[in-house]
Undergrad: 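First, the structure itself, so that you have it in front of you.
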Amino acid sequence: MALPSLFPHIPAGYCDEAESIPPFWLTTPEEVYHFLRTRIHLGTVETLAVSPGGRPVMAVSYGRPRAPGGTTTFSGTLGTRGQNIAYYRGADAAKTVFASMAAIHGGELDTIVGALNLLAVFETGHDLSGQAWPALVALRDQVDRIVIVPLLNPDGRARFPVRMEPYRGGAPDSFFIHEYLNTGGYKDGSLIGWPAVKEFIPMDFSQFGFPGGYPNDAGVNLMHDDFMGQPQPETRAMLDLCAREKPDLILNMHTGVAKDDYYMEIHRPFCEPRGQPVFDAFYRHVKTRLTLEGLQGSPDPAVSANPARVSNFAYNLNTALNLHSGGLCVTIESPCHGYSGTNRAGQPAIHSPETLLRTQLLAYEESLAFLAKTGGRVGWDAGLQP
Ligand SMILES: [Zn+2]
């Protein structure tokens, strides 16, 4: 493999692969492009942008988009009496539109698996392990428009030097190699780590031993791009996609949760104030299902599905997309296949690749169900009925 010679400071053993890689585990740029080229027949594939490293950023869409026809900007709509979103969206304002993006951080492989398997379900009714998902297929048609970006940061993914990490256990430092490969390391082998990695945007790769999978080839962590100045092509593509599609709900899929509550988590976005009660209802909806499926750190939905437990995150891409187009944009964090943690009672929480796939698809299913049931922004503005 060429990458270790490009980054000779990566310590020996960090690039080890899992002993067996399941067939549903498709995560490299080549695997993603091949899948989109050969397996999409019902959806429409398009190239949104080309990354600084020369790699296409692709999207797959289903359903009919909103017709153009708004008479003002999103900001203009917020300045009107009643803040009627139809001024911005036009006659199709009540259509429900869903968008999602995976792997804005290139080493968060579980999210690429989730996105490609979601597309497989939309195309065939089954994920790539053969499991049927009839409710997801129905939701594909109940929601008016769906746009999936399965790999937003192909440069970061190409730099991340493994197809699938081996499982490294649950010891306190078992996250270290994943974190090194994801956020990067200094030349002495020590970790840059989260959130210190955010001190370097754009990152000067020559100053580090390994820049990690976070940035694109221009060194930019797209979550914290120069949104109102000179954003990167991948970020520009998401801004333009949201301006074109005017989504109600946008998922931003990541890997990375606390080891002492090692289950899928949803972060509260810093967004326009009217998005907050919608987020609360969305959080309750998705996390209740995950709790009932045994995929949360407490078996009690009153604990795991309580939105009061999540506080505001800082200004990031989710904020920019919300203020650009009015969609509620949320980060969903997955556990990692490479190490384990515990539940809230301190017992081991180990997620197999199969469990991670199931968790990803359940999150998509409940997000789409929430959108279909509540009617999107027009329904939310009329009075949310969670
Ligand atoms: Zn991330």
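Each ligand, and each atom within it, is numbered from 1 in the order the structure gives.
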Undergrad: Residues two or more places apart in sequence or in another chain: which of them pass side-chain contact (heavy atoms from CB on, under 4.5 Å) with Val45?
TA: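 Applying side-chain contact (heavy atoms from CB on, under 4.5 Å) to Val45 gives Leu36, Ile40, Met58, Val60.
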Undergrad: Under a 3.5 Å distance rule, please check whether Tyr339 uses its side chain to pair with a backbone N or O of Ile177 as donor and acceptor.
TA: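 Such a contact is absent between Tyr339 side chain and Ile177 backbone.
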Undergrad: Around the Zn ion (ligand 1), how many protein N, O or S atoms are there at under 2.8 Å?
TA: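 Of the protein's nitrogen, oxygen and sulfur atoms, 4 lie under 2.8 Å from the Zn ion (ligand 1).
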Undergrad: Run through Tyr14, Tyr180, Phe210 and flag the one making a ring pair (Phe, Tyr, Trp, His ring centres under 6.0 Å) with Phe7.
TA: Phe210
Undergrad: Tell me whether the centres of the aromatic rings in Tyr186 and His9 are closer together than 6.0 Å.
TA: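 Between His9 and Tyr186, which both carry aromatic rings, the centre distance is not below 6.0 Å.
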Undergrad: Only counting residues at least two apart or in another chain, list the ones meeting ring-ring contact (aromatic ring centres under 6.0 Å, His included) with Phe200.
TA: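 Phe200 satisfies ring-ring contact (aromatic ring centres under 6.0 Å, His included) with Phe208 only.
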Undergrad: For residues 131-143, which residue pairs pass the side chain to side chain donor-acceptor pair (under 3.5 Å) check, not counting sequence neighbours?
TA: Asp127-Trp133
